[in-house]
Novice: 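Sharing a structure below in structure tokens format, with a few things to ask.
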Protein chains: 2
Amino acid sequence: MEALKPPDTTRAQSRARWKQDPEGVRSNILAVALTEFAENGLSGARIDEIAAKTRTSKRMIYYYFGDKDGLYRKVLEEAYREVRAGEEELQLDHLEPAEALRRLAEFTFDHHRRNPNFIRLVMIENIHHGAYLAHSDLIRQLNETAISRVEAIYRKGVTSGIFRDDLTPLAIHWQISALSFFNVSNRMSFSLLFGEELYSEDGQERLRAQAAEMVVRYVTALKQALR
Amino acid sequence: MEALKPPDTTRAQSRARWKQDPEGVRSNILAVALTEFAENGLSGARIDEIAAKTRTSKRMIYYYFGDKDGLYRKVLEEAYREVRAGEEELQLDHLEPAEALRRLAEFTFDHHRRNPNFIRLVMIENIHHGAYLAHSDLIRQLNETAISRVEAIYRKGVTSGIFRDDLTPLAIHWQISALSFFNVSNRMSFSLLFGEELYSEDGQERLRAQAAEMVVRYVTALKQALR
DNA sequence: TGACAAATTAACCAAATGGTACATAACTGC
DNA sequence: GCAGTTATGTACCATTTGGTTAATTTGTCA
């Protein structure tokens, strides 16, 4: 009943000639795994599937990442790193606070929109009660940057009297995040239930402007509202 | 090599005496499955695990629901049904529009907060691109109710001149949903990254009031803002 | 009361899935 | 050009997992 195995010559031939490329292999695996995890969740993603879409073999995944959890963890960090890279540019210091806040909200909105895979990973993390998120300094650091950006703007606005003074940077960040995140995370249910109009180019532009205006209006001191 | 099986007497004894209870079994399975799916996702939930937490056996799951997908679908609908039951009470007709809108926003915020399992299922649905959501009339119906509620209030407010007239009920619903949904869906990542303060009783009350105020301010016509 | 349908149990199964053992080719430093 | 280390491919394995088979009990109705 033993299946015939191809003679050694064939085998040797098929595996002969290849170049070593540790970094390439590693990053190739990460890239594939990122989309697979984002697409299917932690338990939904299949190692075999990931391996198949890789230019190498399953063996390499375990060689570099140990096990599925290890791979997932690295994917999370990689995703954060990528997202972070796209966040550097923003320069708001020279703007007056209201305009700076509007820009920040719009930027966040766009930024989330540009990184749906990342959003999906965060969703997945939340479903898993953030078990992995909790242990990443990198990630904590990234979010603190976000907060300080809000804080700088908010301070300036309060000082100059155009912002109300009873809010916290954390709450403002929360609100901006909520509107930007939800836009991506719940896209499917919303468009399935209410049609695509909110997610056309026009619709998105409107939502973006509305979200930003909402935040700015909210933070603006009432006596300033009619200026 | 055949394992000894207990004699028929024992076996007959152990399985003897039970009452039929189709509805009980069915709903028991649904309840267990609801929390399991909400907790672990579609692929993360294990049929064996669900069965174990049930007062019946795995076989019954297949007997009543066909397969895992079938079970999941019914769970989704069941969750919607439950959530919907909690939505009936709200009576806003007698209030003036701004107050009605505030109440609606607060209600939605609370309602989402009270139904975390449901929120989690919607998150899971979105990760799966809403494949199941898409086919449920029940669910579509439920959301249309939500929209019409917003619409009624918004119309009244525009007519009486205290609301601006350049918005759509859909967008307003979207904003209320975003703030309410995010509060539950991203709770873990937020409290892990920024501490529990936003999720203490006080913090939640503040977020709730802020979300509602945000919406009301946004919808209010500017010339009305200082009245 | 007995036959037929519905409900339920216990044991079993094939495929999928995460993970490994082993052999060997490529690279590195001497 | 060779010894030792790193990287890689192939084949394989144990367990988990969704799903099924077959038997048995309970309920129903002519």
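Residue numbering restarts at 1 for every chain, and letters A, B, ... go by the order of the sequence lines. A quick note: this is a predicted structure, and the numbers were derived from the prediction, not measured.
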Novice: For the pair made of CZ in Arg26(A) and P in dT8(D), what is the distance, rounded to whole Å?
Specialist: 12 Å

Novice: Among residues at least two apart in sequence or on other chains, which ones pass side-chain contact (heavy atoms from CB on, under 4.5 Å) with Leu207(B)?
Specialist: Trp174(A), Phe109(B), Asn183(B), Leu198(B), Gln204(B), Gln210(B)

Novice: dG27(D) P sits how many Å from Glu23(B) CD, rounded?
Specialist: 16 Å

Novice: Below 4.0 angstrom, which residues in residues 42-68 of chain A have at least one non-hydrogen atom near DNA chain C?
Specialist: Ala45(A), Arg46(A), Ile47(A), Asp48(A), Lys58(A), Arg59(A), Tyr62(A), Asp67(A), Lys68(A)

Novice: Would you list the pairs meeting salt bridge (Lys or Arg N to Asp or Glu O under 4.0 Å) in which at least one residue belongs to residues 66-75 of chain A, sequence neighbours left out?
Specialist: Asp69(A)-Arg73(A)

Novice: Please, which pairs that meet ring pair (Phe, Tyr, Trp, His ring centres under 6.0 Å) have at least one residue in residues 54-76 of chain A, sequence neighbours excluded?
Specialist: Phe37(A)-Tyr72(A), Tyr72(A)-Tyr132(A)

Novice: I'd like to check the side-chain contact (heavy atoms from CB on, under 4.5 Å) partners of Thr56(A); sequence neighbours left out, ordered by chain and number.
Specialist: Val25(A), Ile29(A), Thr54(A), Met60(A)

Novice: Test: salt bridge (Lys or Arg N to Asp or Glu O under 4.0 Å). Region: residues 27-43 of chain B. Which pairs qualify, not counting sequence neighbours?
Specialist: Glu36(B)-Lys53(B)

